[in-house]
2 protein chains.
Amino acid sequence: MSTATARALEHPRLEEIRLEAVLHALSDPMRLQVVRFLADLGEGREAACSAIELAVSKSTTTHHFRVLREAGVINQVYRGTAKMNALRRHDLDTLFPGLLGTVLDAEAAQRRRTG
Amino acid sequence: MSTATARALEHPRLEEIRLEAVLHALSDPMRLQVVRFLADLGEGREAACSAIELAVSKSTTTHHFRVLREAGVINQVYRGTAKMNALRRHDLDTLFPGLLGTVLDAEAAQRRRTG
DNA sequence: ATCGTACTACGACGAATGTCAAATTACGAT
DNA sequence: ATCGTAATTTGACATTCGTCGTAGTACGAT
């Protein structure tokens with residue numbers, strides 16, 4: 001092949017991110033768990049898909065990561081054989097100030113309350 | 001019939017409200033429009049279903065109101081022949097501080113941006 | 001008792017969703 | 001070239017979702 005550009009991954013541009021899609025992406029427990037994990041990693045840090053243990057099959061995990069990416073919640077990039085994931089925190093905060101933070105706080109509150 | 005108690009309407013109690021359900025309820029454009037409308041009404045104020053013009057049929061409208069109620073986002077009560085709706089703002093703020101506010105702000109921001 | 005308004009209930013239907021298993025691709029290391 | 005690890009793709013499946021129209025119930029007013 002030509003110059004080894006890693007396989008392309010479609011991401012919505014900043015202006016293309018829709019609130020409804022973000023909320024929908026965050027409304028699934030598995031995906032919320034992924035977002036929580038990435039948030040706890042700290043600003044700008046990334047993790048491989050395999051670093052996050054979800055109680056579903058590999059293909060389902062792949063599916064959830066794609067939903068998050070296509071909604072604009074995470075950024076995915078191939079790094080060797082792994083696929084690294086990071087929250088698009090800055091983009092989301094630009095578009096919807098405070099939203100991600102309050103959702104994460106809400107998730108934490110709920111976890112505290114109901115185990 | 002006996003003492004005229006208006007038909008009962010099932011609402012989740014405070015502790016039963018789930019973040020995922022709330023986010024899912026808010027992730028639909030029609031329902032977001034309803035929430036926006038109720039929020040603009042002002043603290044504690046209520047509106048009949050018919051006061052909110054949605055670009056869908058009556059039965060679909062009923063459906064969306066039910067989703068919002070069952071998620072714990074709105075409170076519904078029969079008043080005569082009308083069914084009045086109000087945001088459960090206080091309950092939601094107790095459970096998930098700031099969430100409803102940031103979602104509404106996000107919705108406003110998006111509307112400003114994309115018409 | 002009748003009428004009109006407001007909302008519901010009951011299917012129905014196609015589209016989307018969450019899930020899985022099996023086969024496949026991409027890449028680094030040997 | 002071969003192997004192992006990481007992740008994808010495809011196709012299947014049951015479920016849920018958003019939508020509609022039609023028929024029905026509840027209630028206030030006449």
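What you see is a predicted model, and the numbers here were worked out from it, not measured in a lab. Each chain gets a letter, A, B and so on, in the order the sequences are listed, and its residues count up from 1.
Distance, B/L54 CG to D/dC20 P: 10 Å, rounded to whole Å. In this structure, the CZ atom of A/R66 is 11 Å from the P atom of C/dT17, given to the nearest Å. One interatomic measurement links the two molecules: CG of A/D28 to P of D/dT15, which rounds to 18 Å at whole-angstrom precision. Taking atom NZ of B/K58 as the reference point, atom C1' of D/dT25 lies 15 Å away to the nearest angstrom. Taking atom CE of A/M84 as the reference point, atom P of C/dA26 lies 20 Å away to the nearest angstrom. Residue B/L9 contributes atom CG, which lies 14 Å from atom C1' of C/dA6 at whole-angstrom precision. The interatomic distance linking B/E20 (CD) with C/dT17 (C1') rounds to 16 Å, in whole Å. As a whole-Å value, the separation of B/Y78 OH from D/dG28 P is 13 Å.
Between the B/R18 side chain and the B/A71 main chain, no donor and acceptor come within less than 3.5 Å of each other. Panel note: side chain B/R69, backbone B/H11; no donor-acceptor pair is recorded below 3.5 Å. A donor-acceptor contact shorter than 3.5 Å is absent between the side chain of B/E46 and the backbone of B/M84. Without hydrogens or angle criteria, A/N85 side chain to A/A47 main chain gives a donor-acceptor distance under 3.5 Å.
If you check distances only, the side chain of A/S59 does reach the base of C/dA21 with a donor-acceptor pair under 3.5 Å.
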Worked verdict on A/T102 versus B/T102 for side-chain hydrogen bond (donor to acceptor under 3.5 Å, both in side chains): CA-CA 7 Å; A/T102 51; B/T102 51; 2.8 Å; yes
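Nucleic acid contact class of B/H64 (heavy atoms, under 4.0 Å, all strands): sugar-phosphate only. Among the protein residues, A/S50 comes within range of the sugar-phosphate backbone only, with heavy atoms under 4.0 Å from sugar or phosphate atoms but none that close to a base. Counting non-hydrogen atoms under 4.0 angstrom, A/R79 reaches nothing in the nucleic acid.
Applying the 4.0 Å criterion to OP1 and OP2 of C/dC20, one finds that A/T60 has a side-chain N or O inside that range. A close approach under 4.0 Å does occur between a side-chain nitrogen or oxygen of B/S57 and OP1 or OP2 of D/dC20.
Closest approach to the A/R31 side chain among C/dG18, D/dT19, C/dC27 is made by C/dG18 (side chain taken as heavy atoms from C-beta onward). Distance from the side chain of B/V56 is smallest for D/dT19 among the nucleotides C/dT19, D/dT19, C/dC7. Of the candidate nucleotides C/dC27, C/dT19, C/dA6, C/dA6 has the atom lying nearest to any side-chain atom of B/T81.
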